[in-house]
Asks: 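Just dropping this structure here.
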Amino acid sequence: ISACEKGGQWLKALGLLVAMCQAVVKPATISFDAAISACEKGAEWQQALALLATMGWDVLEPHTISYNAAISACARGAEWQKA
């Protein structure tokens, strides 16, 4: 997922995260952080916020990196009021 983030492949990063969940592999916070960062690089603010919300549903504690990446995604998508 981190490699997808670095390559700006947000859609592939989301696909890998979904595949982890379907394979009964519980993604860690760092997996979500990388996917949110990939969405940020693609200005996919809606996906970034959805992932942040999903973390709460999965009982994963978002941390500073999670929030910063989601805020940056909103900024790149010109959705500063969502940030």
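Side-chain atoms are counted along with the backbone in the values below, which use heavy atoms only and exclude waters and symmetry mates.
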Asks: So which atom in A73 and which in E40 form the shortest heavy-atom distance, rounded to 0.1 Å?
Replies: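 Nearest pair, atom of A73 first, then E40: N-CG, 3.3 Å.
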
Asks: Under 4.5 Å between any side-chain heavy atoms of L17 and T54, yes or no?
Replies: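 Not in contact.
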
Asks: Give the minimum heavy-atom separation between S66 and T29, together with the two atoms involved.
Replies: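 Scanning both residues, the minimum pair turns out to be OG-CG2, 4.1 Å.
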
Asks: Closest heavy-atom contact between M55 and P62?
Replies: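 The pair with the smallest heavy-atom distance is CE-CA, 3.7 Å.
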
Asks: Measuring from atom CH2 of W10 to atom CD1 of I1, what distance do you get when rounded to the nearest 0.5 angstrom?
Replies: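 Those atoms lie 14.5 Å apart.
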
Asks: How long is the gap from CD on E44 to CZ on R76, to the nearest 0.5 Å?
Replies: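 Interatomic distance, E44 CD to R76 CZ, rounded to 0.5 Å: 12.0 Å.
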
Asks: Could you measure the distance from the CD atom of Q46 to the CG atom of L51? Nearest 0.5 Å is fine.
Replies: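 So the gap between those two atoms works out to 12.0 Å.
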
Asks: Which heavy atom of I36 sits nearest to which heavy atom of A70, and what is that distance?
Replies: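 Scanning both residues completely, I find the closest heavy atoms to be CG2-N, 3.6 Å.
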
Asks: State, to 0.1 Å, how close S31 and M20 come at their nearest heavy-atom pair, and which atoms those are.
Replies: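 In terms of heavy atoms, the two residues are closest at OG-CE, 3.9 Å.
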
Asks: Hey, could you give me the SG/CG distance between C4 and L11, rounded to the nearest 0.5 Å?
Replies: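 The distance works out to 9.5 Å.
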
Asks: Within this structure, what is the CD1-OG distance for the pair I65 and S37, rounded to the nearest 0.5 Å?
Replies: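 The distance works out to 8.0 Å.
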
Asks: Rounded to the nearest 0.5 Å, how far apart are CG of L52 and CD of Q47?
Replies: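 It is 13.0 Å, given to the nearest 0.5 Å.
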
